[in-house]
Each structure stands twice: as structure tokens, then as C-alpha cells.
Participant: 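There's a structure below that I have some questions on.
Since this is a predicted model, take the numbers as computed values, not measurements. Just so it is clear: chains get the letters A, B, ... in the order the sequence lines come, proteins before strands, and each one is counted from 1. Quick note: numbers below take in every heavy atom, side chains included, and nothing from hydrogens, waters or symmetry partners.
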Protein chains: 2
Amino acid sequence: MSTPDTTALPADTLQRMADAIRFLAVDAIERATEGHQGVPLGMAEIATALYAHHLKFDPANPTWPDRDRVVLSNGHGSMLLYALLHLTGHEKISLEAVKHFRELGSHCAGHPEYDPAAGIEVTTGPLGQGIANALGMAVAEAWLNARYGADVADHSTWAFVGDGCLQEGVGQEAIALAGHLRLGKLTFFWDDNRITDDGSTDLSISEDVAERFRVAGWHVQAVDGHDIAAVSAAIAAAKADPRPSLIACRTIIARGIPRLEGQRGGHSARLFKEDTDAMRARLNWSHAPFVIPDDVLEPWRQTGVAGRAESRAWAERIAALPADRRAEVARLFEGRMAEGWRDALAAFKQRAADEALAQPAIQTSGDIAALLCALMPEILVGCADLEAPTNHKRTLSAFTARDQSGSYIHCGVREHVMGSMANGMAAHGGVNPLAVTYLAFSDYERPAMRMAALMGLPVKFVFSHDSIGIGKNGPTHQPVEILASLRAMPNMLTLRPADAVEAAECWEIAMDRRDGPSSLIFARQTLPSVRRAHVADNLSRRGAYVLAEAEGGERRVTLLATGSELPIALDARDRLQADGIPTAVVSMPCWELFDAQPPDYRAAVLGTGTARVAVEAAVRFGWDRYLGDNGGFVGMEGFGASGPADALYEKFGITAAAVVAQARARL
Amino acid sequence: MSTPDTTALPADTLQRMADAIRFLAVDAIERATEGHQGVPLGMAEIATALYAHHLKFDPANPTWPDRDRVVLSNGHGSMLLYALLHLTGHEKISLEAVKHFRELGSHCAGHPEYDPAAGIEVTTGPLGQGIANALGMAVAEAWLNARYGADVADHSTWAFVGDGCLQEGVGQEAIALAGHLRLGKLTFFWDDNRITDDGSTDLSISEDVAERFRVAGWHVQAVDGHDIAAVSAAIAAAKADPRPSLIACRTIIARGIPRLEGQRGGHSARLFKEDTDAMRARLNWSHAPFVIPDDVLEPWRQTGVAGRAESRAWAERIAALPADRRAEVARLFEGRMAEGWRDALAAFKQRAADEALAQPAIQTSGDIAALLCALMPEILVGCADLEAPTNHKRTLSAFTARDQSGSYIHCGVREHVMGSMANGMAAHGGVNPLAVTYLAFSDYERPAMRMAALMGLPVKFVFSHDSIGIGKNGPTHQPVEILASLRAMPNMLTLRPADAVEAAECWEIAMDRRDGPSSLIFARQTLPSVRRAHVADNLSRRGAYVLAEAEGGERRVTLLATGSELPIALDARDRLQADGIPTAVVSMPCWELFDAQPPDYRAAVLGTGTARVAVEAAVRFGWDRYLGDNGGFVGMEGFGASGPADALYEKFGITAAAVVAQARARL
């Protein structure tokens with residue numbers, strides 16, 4: 001079939017196409033009695049220029065890997081996206097769905113919710129996340145392009161961006177890093193409407209935003225955002241430039257509604273029938289609510305079918321690849337692991353058990369990651385300026401402006417964008433992102449981790465320096481509450497292995513997981529081996545298991561521990577056993593997996609009727625679930641201190657003697 | 001007394017003063033076997049220029065309110081600060097303390113830990129926090145100066161800043177906002193050494209940092225950071241300019257150590273005796289470790305006594321103020337509340353009970369804040385572009401570049417710097433900061449909240465939109481795990497009031513608190529009155545209390561709830577009572593306060609031997625502490641959804657019927 005030539009559409013048709021976005025948006029928002037009209041009314045022409053003349057997409061095959069990616073970073077303007085997806089013919093965004101905007105069960109939720117099959121590339125809403133996701137998508141594309149050629153990946157990433165996204169720190173980090181990495185296929189459309197929720201942008205910003213992008217190495221253009229031809233020309237220029245592009249689109253918020261356009265209320269003031277009537281009169285639109293006339297719908301649908309030829313051509317190019325290359329590309333886009341990865345982990349695990357491997361836990365994680373990276377080039381590692389202490393670079397070459405085939409991204413001291421771009425990479429597909437930093441700095445990327453959990457993206461968040469065990473750097477660098485805060489997050493697996501064997505098991509769990517993120521948490525210090533008898537089973541997969549059963553009679557005490565505190569629990573067990581008290585030690589690398597086990601298993605592990613004491617160099621919060629009414633806890637009650645690790649464990653009473661005392665008090 | 005004229009010091013004396021910083025730093029780091037020499041060696045001349053010629057400080061009176069503030073934002077370079085504090089004669093930073101750098105109990109911790117009496121203005125370490133704190137300090141000074149005149153406050157804020165601080169999003173937010181607010185007495189010394197922990201800054205940044213500041217409206221100078229006279233001249237120019245100033249100091253990391261200077265290892269590679277010996281030879285320094293010769297120590301001590309006259313003059317000016325003004329200034333700097341504040345809250349509380357006040361919870365919080373702000377002008381409210389929906393502006397005028405006497409700071413969509421600047425304001429003193437945003441966005445400022453908790457600063461973090469009760473904006477805007485993550489944080493009071501009466505009580509608790517931050521958490525939706533019988537006692541002060549006791553017999557069921565779920569618990573109680581099951585409802589606005597109650601009180605409230613069910617529109621994580629072995633929970637198991645609030649409560653089963661069923665299953 002031939003591609004319809006939507007570039008030849010007459011200007012008045014294009015304008016009516018833009019107005020169709022406007023009316024779908026306001027009709028849905030009026031019906032819902034709430035929503036944000038500012039964005040769809042202000043960016044209708046921009047979106048029309050993009051979709052009608054430039055965007056590579058195929059609504060009949062919305063998950064085609066080589067499609068352009070579109071991110072609505074100003075996610076509150078969700079009706080812009082829904083209108084576009086409906087008009088271009090994305091099945092899941094039906095007219096019914098649009099009519100039920102913001103109602104329970106509609107695909108048209110208050111903010112866009114990740115659903116690639118519907119054309120929604122990422123969940124957006126918390127400002128700044130979307131553009132950082134877009135950066136990650138552009139990295140994924142650039143890497144695939146550099147590694148596998150333009151036949152496999154050659155597409156652009158486009159983001160609709162509001163003032164808020166650019167004020168957010170994560171947005172500023174994205175600007176700096178995208179310019180530095182020279183991601184030439186990334187383009188932002190800035191909705192320069194001079195209005196935020198509070199009122200004029202003058203209230204909170206006085207810098208020249210365009211100039212800020214230029215400083216960061218971006219290609220910058222400024223256009224009238226309501227001039228479709230001008231926006232289209234700017235898009236063409238953006239595509240031709242090797243730098244990332246900002247198209248600063250001067251717009252009028254809520255354009256079309258006399259009462260609200262250019263006003264603070266344009267952002268999200270409630271719309272009434274008088275408003276939509278007035279807009280109909282102003283724009284000469286005689287159609288009833290939700291009615292799009294054929295002479296407007298048809299050209300929109302043509303833009304949607306234009307990409308079909310391209311998606312088919314891509315499939316043909318892939319089919320024509322040599323068999324091994326074709327298989328690898330298929331594996332990448334299906335998100336499958338490379339053959340042999342599980343064997344490699346198993347071999348590592350066996351060696352770790354046989355040799356009683358004892359080394360800094362984060363080094364073990366680095367060893368494992370290196371094994372996996374050697375098998376799977378698509379593992380892209382981002383790190384926030386901690387290459388040496390977090391130990392996950394090894395043989396990887398850097399992804400740079402000059403060489404985008406590298407697998408290690410120096411993110412700079414920018415944890416937040418590191419996490420958000422990992423989300424974008426995972427949403428893009430074809431790559432398998434890790435993000436590495438110290439656990440204490442996980443708070444900096446927590447908004448991104450929440451989005452990964454919400455979207456169900458298989459991002460691996462790797463953390464080092466996981467407790468007071470780091471010692472002298474002091475309480476700023478010593479997490480005490482962060483394990484709890486991660487365990488509290490729905491759909492986040494929090495894995496804290498105790499030694500190299502558990503590390504291999506936890507990595508296997510994280511790599512297997514396809515429907516959500518994992519936090520892999522490692523100590524900086526050396527962890528002795530606690531799993532010296534090799535078993536093929538992944539014991540960590542059940543979340544918790546009996547590491548050392550009670551001996552010499554029925555179990556009277558159950559000691560629970562994770563990570564670096566297992567040796568303390570084992571020492572305490574030795575002392576209790578020596579006193580004739582049968583004591584078991586349970587290792588609990590992952591609470592979430594344990595909670596999902598059958599009740600019988602959980603009861604058997606925790607030991608019904610036994611005295612229970614948990615030991616973890618962190619706060620008690622959350623542990624009571626396993627301790628029951630009379631359990632004991634040995635851990636932290638507040639923040640840490642600066643001093644040698646041994647002295648800190650002693651100072652805070654996290655010792656075998658304390659565990660023994662707590663257990664004895666409960667017998 | 002006359003001020004010693006340290007401006008007349010010969011250049012070679014000044015250079016030896018700078019070298020004294022170097023040697024104290026490397027001797028301490030060598031002894032500790034770890035530390036970060038890059039900053040003290042690279043910034044020794046900059047610090048000397050500041051302290052010898054410009055800084056207003058009095059080591060004999062380190063907490064004098066009108067002192068200049070110094071923030072070491074690159075906190076890993078802590079030995080720079082300790083060397084300065086010791087050399088200038090701050091008692092708490094003794095030579096013994098320096099010798100015991102990084103040892104448990106030393107004032108010279110791995111990173112600077114907040115202790116104004118020692119000269120440590122804020123805790124730093126997590127990058128970017130310090131400069132954002134400095135911004136808050138500059139706001140506090142500017143406000144005090146604008147309101148009370150230069151006789152009361154007229155000082156500068158200086159920050160030592162590394163590349164990492166400027167890469168962090170929070171640092172970028174600080175740059176933008178400081179320029180916008182035209183904080184002319186704020187100066188950053190950028191340690192432009194072109195090296196980060198990973199290696200060359202080229203790895204992760206390619207923008208012109210100085211230009212980025214210019215874009216944001218800063219006064220920018222570039223100097224040789226090892227030229228004391230040049231730095232001093234730049235400081236003088238910075239003071240004269242009405243804009244905030246960046247002094248970009250080109251430096252050589254680890255300058256003085258032949259093996260490391262200018263190298264990646266200069267940052268923090270381990271120092272050995274050969275290194276310090278080589279530095280002694282290079283710099284012609286013949287003194288033993290930790291020995292500062294008198295001809296160097298004496299001029300340093302003179303810089304330290306120079307400010308004494310100024311601190312005395314300030315005290316005399318304050319003493320000469322009219323009595324009412326003097327009393328108010330004293331109140332501000334002592335951090336005391338204004339007379340009548342408690343009565344105002346009590347009156348509000350009584351009215352709320354009498355009228356059964358039912359309105360959006362965040363509006364109630366705004367009402368209360370307005371009462372307090374009317375009595376206490378020093379309450380400065382920061383808000384992240386949510387003026388209307390968070391409702392805490394009311395009659396406050398804005399703090400702007402033109403009028404710095406305003407009390408409401410439009411922070412823009414920059415939650416992180418909002419939190420960090422609130423910390424800086426609280427550390428500065430004289431003002432009483434609030435930071436307001438949606439609860440879902442608390443993650444964006446969580447690193448700042450952690451620092452407030454760690455430092456024990458009395459910042460009030462106010463949050464709206466606290467659950468699925470917000471409805472149609474969907475899961476991105478619906479906190480479910482955030483209550484748990486805040487409750488897990490040591491030294492953070494997490495307050496979630498159930499109605500207007502509890503809101504007044506919780507505000508009273510937060511305002512009374514001087515040794516740590518509070519999170520005040522409010523629903524967006526209307527909360528009905530549950531406390532209709534006025535009692536003078538602040539029942540919330542005990543954290544949890546029996547709101548409705550069981551009737552018609554011994555209590556068999558205890559229902560626990562917070563915030564918007566109290567009405568559900570009360571409804572369930574009515575149903576259970578109607579079926580003859582004596583049921584109590586416990587309101588738990590603050591877990592941390594409840595945990596601090598005597599065991600008897602806790603047991604009486606929770607009801608020994610009763611069936612317990614908790615209801616909260618959030619995850620269960622943490623609740624087991626109160627539920628015991630067989631407790632029930634009605635709440636969220638994952639993220640929310642987009643739809644009307646009523647439909648969401650129904651969808652997720654957070655209903656009185658579910659509470660009743662859970663209770664019955666436990667009888």
C-alpha cells in the first residue's frame with residue numbers, strides 16, 4: 001500500500017484537525033466535571049503538526065518496536081493524548097473511553113497510565129518524570145541504533161513539556177544529561193504559556209528557559225505554537241540537527257475558551273456548557289459534543305495509517321536479518337534473557353558456596369552483574385558518580401556522545417534522572433536497565449522508583465552501603481529507615497542478601513521478574529559466607545527460609561535476620577544452643593516473596609509458639625508482622641553515627657549478646 | 001576593643017595560613033586512614049580569603065544571630081570546615097577533636113553534623129542539600145532584614161560548593177530560585193576542579209556551569225582559586241552586587257600532594273605518610289603532624305576575634321531597640337511562639353467541636369495556619385505551585401525579589417528545594433518555616449525531610465491530598481505507601497488528624513515541637529466532625545486515644561483508624577453495637593507519640609484480648625505493631641486508580657461492611 005500523503009493537507013483542514021482535539025478535550029472535561037484543559041487547548045496545533053507530518057506510528061500495531069515514542073510529560077493534560085490516540089485510530093482509546101474520561105475503568109484515566117497497546121508509553125503526572133523517561137527512551141534507541149544499525153532502530157522520541165517539568169530538579173538533570181550525551185533524536189515541545197497553577201510563571205521563574213537549554217548543548221528554536229506550519233518546520237529542523245532539540249512553542253493556555261484563555265483559570269478551572277458553547281461559536285464548530293465530522297476524522301485516521309507501511313517495512317527488514325542477529329533482536333524486543341544466564345548464575349552460586357566466598361557484598365554484586373553483562377549486551381548500567389565504590393562498571397565501555405554503543409552511563413551526581421531514565425529505558429524495551437547508587441541516596445530517586453512500581457517496569461535498582469556498616473562516613477550515609485520505606489512500596493521487591501550465595505539467588509529473582517522493579521541491596525563491607533552447603537534450589541525465592549534449624553530438641557527460639565546481620569544471628573544461635581536452647585536462624589532476604597507463600601510454609605519458617613527475635617541494622621518498623629505479640633527486636637532506634645563499623649554495632653547494641661538476651665527474656 | 005586588621009596580613013602569612021588548613025586536613029585524614037582531602041586542599045586559599053578578610057563571625061559567640069552563615073555543601077570535605085573552626089578558635093573543635101577525626105564521639109565526624117555552638121551550621125553530605133539550605137538561610141536573613149532592619153539582621157551566607165552539588169536536581173532548583181528571588185547576600189564558591197569521584201567532569205557534564213548561573217540571574221565571576229588576593233577581590237565584588245553571586249574558583253584538586261593533585265585519586269584516595277611527607281617538602285612545612293606554629297596560628301586566631309566587636313555591637317543595638325520590638329526580636333531568635341497562640345488554637349478547636357465543623361481537611365489546615373500566621377509574622381510558608389489547592393496563602397503577601405518582607409514563597413514546581421530551604425530557614429533561626437505540597441509529592445522532598453529529622457530541625461511539612469480520597473486524578477496522585485514511609489523515619493512526627501478538632505490538636509503538637517520535624521497530613525476532601533464534645537485536653541498528644549468506648553458490656557472489638565477513615569470505623573462500630581457487640585473506636589493521629597506512652601495506657605487503648613481491626617486508606621505496612629497476632633486490616637494492597645472517591649473506596653473494599661466482617665471473623 002502507499003502511504004497517504006498527509007503533508008499535503010490544506011491549512012484549514014489541519015486547523016480543523018487541531019480544533020477536533022480541542023473539542024474532544026473540552027467535551028470530555030465538561031462531562032467529567034474536572035480535568036485540565038490548559039494543555040490540550042494550548043498544544044493542539046503542536047500535536048497536529050507532529051502527528052500529521054512527522055510522527056512514525058502505526059495505531060494498528062502500537063507496540064511496534066521501531067515506532068517513535070511520544071511522552072506527555074505534562075500528564076495532567078491527559079485529554080491531549082487521549083484525543084490524539086482516539087483520532088488516529090488507537091482501538092483501546094475508543095469514543096466510549098473518551099466519554100468516560102476520569103471514570104473508574106476507562107482507559108482515559110485522570111493521568112495517562114502506562115499501556116503501550118493503547119498508545120500510552122508511560123504513566124505521567126508527577127512533573128518532570130516524563131521528560132526524564134523520554135531521555136531514557138532516547139538512550140535506548142541510540143544504543144540499539146549504534147549496536148544493531150538503523151534497520152533495527154531508527155526512531156525519535158518526542159515529549160510534550162510544561163513549565164513545571166522544567167522547574168523540577170529531575171527535569172533540570174534531564175536537560176543537562178541529554179545535552180551532554182547528545183541525544184539527537186530527542187525533542188521537547190515546551191508549552192510556553194507563561195501560566196502555572198499558581199498564576200503567572202513570573203511568580204517563580206525569571207530565567208530564560210531557552211537559554212538554559214542552549215547552555216546545556218541543545219538545539220533551540222522558538223515558534224508560535226499555534227502556527228502548524230511553523231511548528232512543522234521546526235520539527236523538520238530539529239530532526240536534522242545532531243543535538244537534542246527544544247522547540248519553545250509560545251502558546252495561549254486554554255486557547256479557544258473566551259473566559260479562560262491566557263488566564264490562570266485556563267489550567268484547570270471547571271468548564272461549563274457556556275464555555276464549550278462559547279468555544280463552538282468562536283471556532284465555528286457546529287458539531288454536537290463528541291461528534292467529529294468525517295471531513296476531520298478522515299484525515300486524522302489517514303495520519304494513523306501512514307505508519308503502517310513503515311511498520312511492515314521494519315518487520316521485513318528484521319525478517320531479512322541473518323538468523324543469529326534476527327534471533328538476538330527478537331530476544332531483546334521480547335525482553336527475554338540470553339541462553340545460559342541461569343547456568344552462569346548457578347555456577348557462580350556453587351563456587352561461592354564451595355569457596356565460602358567472603359568479600360564486600362557490593363563487589364559480589366558487581367561480579368554477578370559482570371557475568372550477566374557479558375552474556376547480555378542489552379544490560380545498560382547507569383550510575384551516579386560512584387563507579388569505583390559501587391563496582392558495577394568493570395569491563396563495560398561508557399555510553400557517550402561520541403560512542404552510543406557503550407553500556408555504562410555516567411549519570412553524574414544525578415540520582416533522580418538516573419532512576420527516571422531507567423524507567424524510560426524499560427518502557428522503551430530492547431534494553432535492560434540497572435541503576436546503581438548508595439542506599440542512603442535512594443531517597444533522591446524514590447519518585448522514579450515509585451513510578452517503576454506503579455507501571456510494573458522491570459528496572460533493577462542496585463544499592464550499596466546499606467547500613468551503619470559503612471562506618472565513618474556517618475549518619476547521612478547510613479540508611480536506617482530506607483529498607484522499611486522500600487518494603488512499604490507496593491510492587492517493589494526489596495532484596496537484601498546475606499552472602500554471595502544469596503546474592504546470586506536474589507539477582508536471579510530480580511532478572512526473572514518482568515512485572516515490576518526490584519531493589520537489590522548490598523553492604524559495602526565484607527560479608528562472610530553463611531550458605532556453605534550448595535543446593536541447586538533458589539532458597540531466596542520463597543523470601544525467607546530456615547538457614548540453620550534448631551538442634552537437640554524442639555525449636556524454642558527463632559532468630560530472624562537479613563543481610564549483614566545473619567552472622568550475628570548465627571553467633572547468637574551458637575550461644576543459645578550451647579546453653580541447651582534449641583534455636584533456629586531464619587534468613588529473610590525478601591519479605592514480599594515470603595508474604596506470598598502459603599500460610600503453612602510461613603508458620604513453619606517462623607516457628608509457631610517459639611520465642612522470636614529479629615536482628616537487622618535498621619529500624620524495627622514493619623518487623624512486627626513477623627514477630628507477633630511478644631517478639632524481640634535488635635536494631636536501630638534512630639539515626640547512626642560516625643565511627644568504625646565495629647564500634648557502631650557495639651554502640652547501638654546490635655550484637656549476638658543482645659540477641660541472646662532478648663531471646664532469653666522471652667523463654 | 002578594636003578589630004584586628006587582618007586585611008593587612010602579608011601575602012606569605014596568608015599563604016601559610018592556607019597551608020595550615022592543608023596540613024591539619026591531611027594529618028587528620030592520614031591518621032583516620034580515610035577521608036576526602038580533595039576539598040580542603042583545593043579550597044584552602046578560598047577559605048582563607050573568606051575568613052581572613054570578609055567573614056563576620058565570633059568564635060566566642062558562635063550562635064550570635066547576626067553572624068554570617070557558612071555552609072560546606074560538599075560535606076565530604078569536612079576537614080576544611082574543621083580546620084577552619086579549629087584555627088579560628090571555636091572551642092568545640094579542639095585539636096583533640098581534629099586528631100580523632102571520624103572516630104566515634106569526636107565533633108569531627110565523617111561529614112559535618114549540625115551543631116551551631118561548634119560552628120557547624122548544618123549537616124551536609126548528601127549533595128545539593130547544603131546549597132539549598134544556604135538559600136533558605138539567605139531567605140531568612142533577607143526577610144528579617146526587610147522586616148526589622150539592618151540593625152537586627154545584616155549578614156551574608158556563603159557556601160562551599162562542589163560539582164556534585166551543582167549537578168543534583170535540588171542544586172539546580174536552588175540556582176533557579178535564588179536568582180529569581182534575587183538573594184543578593186548569597187555567595188557560592190564553586191570548587192571548579194574538573195574532577196569528580198568517577199574521574200574527569202567531562203564524563204558527565206559538558207555545559208558551561210558559569211553560564212547556567214548567569215541565565216538564572218546570578219552575578220558570576222571566575223578566579224584562580226589558589227590566588228587569595230583574587231578570591232578576596234571577588235568576594236568584595238560579590239558583596240557589592242545586588243544579585244546572588246557565583247565565584248567560580250578554578251582549583252587543583254588535592255593541591256599540594258604530588259602523587260594526587262589534579263588526579264581522580266585526589267578526591268579521596270587513601271593518604272600515606274609518604275604523601276604527607278611529600279607535601280611537607282613541597283610546601284616547605286617543617287612542623288610535626290597537628291602542630292601549627294604560633295606565627296600561623298596567631299593570625300588565624302585574630303581573624304576569629306575580629307568579629308567580637310561586631311557581635312557586641314549587635315547586642316548593643318538590640319538592647320537599644322524599643323521594648324516591644326526588642327521583645328519580639330528576642331522571641332524570634334529564641335524560637336518562642338507569640339503569646340496567645342495556644343488560646344487561638346483552643347478557640348478554634350472549641351468552635352470546631354461546637355459547630356461540628358465539616359470542610360475539606362486542607363482548608364481546615366489553612367484556617368489554622370492563617371490564625372497562627374496572623375499572630376506570628378515569622379511563619380514563612382513555602383509552596384510548590386499549589387497555592388489554590390493547598391490553601392495556605394490566604395492573607396500572606398509573597399516574598400519576592402522586590403519585596404522580601406513577604407511571608408509566602410512561591411517555590412515553583414520545585415518540592416525538593418522547598419524542603420531543603422525550609423531546613424536552612426529553621427537552622428538559621430528567627431523564622432518558622434512551613435513547606436506545603438501534595439502528599440504524593442513528598443517523595444520529591446524526602447531527602448530534605450530526612451535531613452530535617454537527622455538535624456532535629458522544627459520544620460513543619462504540610463501535606464494535602466492524602467489518599468485515594470482525591471479520586472479522579474488517579475494513582476500517581478494517590479499516596480498509599482507514603483504514610484508508612486514517613487512513619488518509618490526516625491525523629492519525624494507523622495500526624496494525620498481525623499477532623500477539625502484533631503487538626504487543631506495536631507497543629508499545636510507540631511508548633512510545640514522544637515527538636516525535630518513534623519509532617520501534618522490532610523485530606524483534600526471534606527471530613528465530617530468526629531469530635532463533637534469539646535475537651536480542653538489535647539487528646540492527640542498521646543498519639544492515640546479512645547474516641548468512642550464500647551457500650552453495653554465489656555469491649556470485645558477495638559477498631560483503629562486515622563484521618564478520613566474514622567467515619568468508616570464509627571459506622572462499623574454502630575453496626576457491631578447494633579448487633580450487641582461492644583466495640584470501641586480508637587483514633588490514632590500520631591503513632592510515634594502513642595509508642596512513647598506508658599505500657600498501661602497503650603494496653604488500655606488497644607484493648608487487651610479484644611479483636612482488633614485497623615482501617616486506613618493506605619498499605620498495611622507497620623500496622624501489625626498494633627494489631628497483634630490475629631488482627632485484621634482494611635486498606636490498600638497496591639496502588640490506587642482513577643475514579644470518583646466513593647467508587648474507589650468501594651472498589652478497594654474500604655467500607656464499614658468490610659470492617660465489620662473482619663471484626664466478626666475474629667470474635
Participant: Do the side chains of B/K651 and A/L104 get nearer than 4.5 Å, heavy atoms only?
Facilitator: yes
Participant: What heavy-atom pair brings B/T476 and A/G125 nearest, and what distance separates the two atoms?
Facilitator: OG1-CA, 4.3 Å
Participant: I'd like to know if the side chain of B/Y444 and the backbone of A/G169 have a donor-acceptor N/O pair within less than 3.5 Å.
Facilitator: no
Participant: Examine whether an atom of B/W623 lies under 4.5 Å from a heavy atom of chain A, and if so say whether it belongs to the side chain, the backbone or both; otherwise answer neither.
Facilitator: neither
Participant: Taking only residues two or more places apart in sequence or in another chain, which ones pass salt bridge (Lys or Arg N to Asp or Glu O under 4.0 Å) with B/E637?
Facilitator: none
Participant: Please check this pair: side chain of B/D624 against backbone of A/D624, looking for a donor-acceptor N/O pair closer than 3.5 Å.
Facilitator: no
Participant: Evaluate the criterion salt bridge (Lys or Arg N to Asp or Glu O under 4.0 Å) for residue pair B/R450 and A/E481; output intermediate values, then yes/no.
Facilitator: CA-CA 10 Å; B/R450 181 176 204 259; A/E481 79 287 19; 2.7 Å; yes
Participant: Is the closest side-chain heavy-atom distance between B/V170 and A/Q172 below 4.5 Å?
Facilitator: no
Participant: Can you say whether B/E445 sits under 4.5 Å from chain A via the side chain, the backbone, both, or neither, judging by heavy atoms?
Facilitator: neither
Participant: Taking all heavy atoms of A/V215 and all of B/E207, pick out the closest pair and write down the distance.
Facilitator: O-CB, 3.2 Å
Participant: Over 60° means perpendicular and under 30° means parallel, so classify the ring planes of B/H477 and A/H111, tilted if in between.
Facilitator: parallel
Participant: Rounded to the nearest 0.5 Å, how far does OG1 of A/T201 lie from NE2 of B/H180?
Facilitator: 9.0 Å
Participant: Answer with side chain, backbone, both or neither: which region of B/A388 has an atom nearer than 4.5 Å to a non-hydrogen atom of chain A?
Facilitator: both
Participant: Taking the side chain as C-beta and beyond, is there a heavy-atom pair between B/R625 and A/F621 under 4.5 Å?
Facilitator: no
Participant: Answer yes or no: is there a donor N or O on one side and an acceptor on the other, between the side chain of A/S204 and the main chain of B/C411, under 3.5 Å?
Facilitator: no
Participant: Checking A/F441 against chain B: side chain, backbone, both or neither under 4.5 Å from a heavy atom?
Facilitator: side chain
Participant: What part of B/V619 is in contact with chain A, defined as an atom under 4.5 angstrom from a non-hydrogen atom: side chain, backbone, both or neither?
Facilitator: side chain
Participant: Side chain, backbone, both or neither: which part of B/T124 has a heavy atom under 4.5 Å from chain A?
Facilitator: backbone
Participant: B/R620 versus chain A, heavy atoms under 4.5 Å apart: side chain, backbone, both or neither?
Facilitator: side chain
Participant: Give, as side chain, backbone, both or neither, the part of B/Q478 having an atom under 4.5 angstrom from any heavy atom of chain A.
Facilitator: backbone
Participant: Could you look at A/M451 and say if it's the side chain, the backbone, both or neither that has a heavy atom under 4.5 Å from chain B?
Facilitator: side chain
Participant: Checking A/A401 against chain B: side chain, backbone, both or neither under 4.5 Å from a heavy atom?
Facilitator: neither
Participant: Check whether any side-chain heavy atom of A/D198 sits under 4.5 Å from a side-chain heavy atom of B/K393, and report yes or no.
Facilitator: no
Participant: A side-chain contact here means heavy atoms from C-beta on lying under 4.5 Å apart; do A/R212 and B/R212 qualify?
Facilitator: yes
Participant: Side chain from CB out, backbone as N, CA, C, O: work out which of these in A/R182 comes under 4.5 Å of a heavy atom of chain B, or both, or neither.
Facilitator: neither
Participant: Is any side-chain heavy atom of B/T196 closer than 4.5 Å to one of A/V413?
Facilitator: no
Participant: Contact part of A/D163 toward chain B, heavy-atom cut-off under 4.5 Å: side chain, backbone, both or neither?
Facilitator: neither
Participant: Of the listed residues (A/A174, A/A176, A/A453, A/A647), which shares the most heavy-atom pairs with chain B below a 4.5 Å separation?
Facilitator: A/A453
Participant: Side chain, backbone, both or neither: which part of B/T123 has a heavy atom under 4.5 Å from chain A?
Facilitator: side chain
Participant: Which heavy atom of A/E173 sits nearest to which heavy atom of B/E168, and what is that distance?
Facilitator: OE2-C, 3.5 Å
Participant: So which part of B/T33 gets closer than 4.5 Å to some heavy atom of chain A, the side chain, the backbone, both or neither?
Facilitator: side chain
Participant: Please answer whether the main-chain N or O of A/G471 pairs with a side-chain N or O of B/R102 as donor and acceptor at a distance below 3.5 Å.
Facilitator: no
Participant: Any idea which heavy atoms bring B/D443 and A/R446 closest together, and the distance?
Facilitator: OD1-NE, 3.1 Å
Participant: Under a 4.5 Å heavy-atom cut-off, does chain A meet the side chain of B/H100, its backbone, both or neither?
Facilitator: neither
Participant: Among A/G199, A/G474, A/A109, A/P447, single out the residue with the greatest number of heavy-atom pairs under 4.5 Å to chain B.
Facilitator: A/P447
Participant: For the side chain of A/N473 and the backbone of B/G110, is there at least one donor-acceptor N/O pair under 3.5 Å apart?
Facilitator: no
